[in-house]
Amino acid sequence: MKKIIFIIVLIMLVKPILPVLEYVVNYEYISKVLCINKDKPKMQCNGKCHLMKELAKASDAEKPLSSDKKGTSLILDVLIFEEIKSFVIVPVCFGTKEKINPYYSNLYFHLNSTSVFHPPTFIS
């Protein structure tokens with residue numbers, strides 16, 4: 001299905017360029033046979049007049065219908081509903097808390113000391 005849509009879109013995009021591609025491929029034939037201004041070489045038209053006609057035809061084919069010639073078209077709205085799946089965050093514990101040893105004593109009294117440490121002085 002995607003390939004078919006891709007091909008259709010590709011054709012729609014390439015269609016306006018086809019007259020230019022035709023002009024490039026058949027440059028010699030268009031400039032010598034189909035050119036309107038081939039009897040006026042000073043204009044250096046080289047078939048650009050034919051290219052402009054073909055581009056005008058292509059743009060006329062792409063124009064939308066005028067307001068008085070509007071046709072009725074079926075408008076189809078496609079709605080796609082998809083269930084949104086909810087998720088739940090589950091707390092994960094990687095380790096267990098160890099109980100603090102009640103017999104542990106903090107022997108680091110200097111951490112709570114308020115006096116300022118002075119290094120010993122040597123008298124000589």
Side-chain angles (χ1 to χ4, degrees):
M1 184 67 179
K2 289 182 181 180
K3 290 181 182 180
I4 295 171
I5 293 173
F6 177 75
I7 292 171
I8 292 171
V9 170
L10 185 66
I11 290 171
M12 290 174 62
L13 291 174
V14 173
K15 188 176 179 183
I17 309 172
L18 287 177
V20 177
L21 292 175
E22 180 186 2
Y23 175 76
V24 171
V25 171
N26 298 326
Y27 176 76
E28 292 294 324
Y29 176 74
I30 291 173
S31 64
K32 292 182 181 177
V33 177
L34 298 177
C35 182
I36 299 171
N37 299 322
K38 61 185 169 191
D39 56 341
K40 301 175 189 174
K42 288 185 179 180
M43 290 184 71
Q44 295 180 347
C45 178
N46 297 330
K48 292 177 187 169
C49 53
H50 178 73
L51 175 62
M52 293 302 154
K53 283 182 182 179
E54 292 297 318
L55 288 173
K57 285 180 190 176
S59 67
D60 286 342
E62 291 179 10
K63 283 186 181 176
L65 297 173
S66 62
S67 61
D68 57 334
K69 294 182 180 178
K70 277 189 179 177
T72 59
S73 62
L74 178 64
I75 298 174
L76 180 64
D77 292 333
V78 177
L79 298 176
I80 300 173
F81 292 101
E82 184 173 335
E83 179 183 350
I84 299 174
K85 297 179 181 176
S86 62
F87 61 94
V88 177
I89 299 174
V90 178
V92 178
C93 295
F94 290 105
T96 58
K97 289 186 177 181
E98 295 180 13
K99 292 185 178 181
I100 297 174
N101 187 356
Y103 302 108
Y104 174 77
S105 63
N106 187 358
L107 299 177
Y108 299 105
F109 67 95
H110 69 276
L111 294 176
N112 295 327
S113 124
T114 56
S115 65
V116 178
F117 173 73
H118 295 285
T121 56
F122 292 104
I123 301 174
S124 40

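Residues: numbered from 1 along the sequence shown.
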Could you check I30 against L51 for side chain to side chain contact (heavy atoms under 4.5 Å, CB included), going step by step and ending with a plain yes or no? CA-CA 9 Å; I30 291 173; L51 175 62; over 6 Å; no
Report whether V9 and M1 are members of the same hydrophobic cluster (ILVMFWY, side-chain heavy atoms less than 4.5 Å apart, transitive linking). yes
Salt bridge (Lys or Arg N to Asp or Glu O under 4.0 Å) with E83: which residues, sequence neighbours excluded? none
Determine whether V14 and V25 fall in the same hydrophobic cluster, where Ile, Leu, Val, Met, Phe, Trp and Tyr are linked whenever their side-chain heavy atoms lie under 4.5 Å apart. no
Can you tell me how far the CD1 atom of I17 sits from the CG atom of L55, to the nearest 0.5 Å? 10.5 Å
Value rounded to 0.5 Å, distance of CD in E54 from SG in C49: 11.0 Å
Could you give all pairs that pass the ring-ring contact (aromatic ring centres under 6.0 Å, His included) test and reach residues 17-53, with sequence neighbours left out? Y23-Y27
Evaluate whether atom CG of L21 has more than 12 neighbouring non-hydrogen atoms of other residues, nucleotides or ligands under 6.0 angstrom away. yes
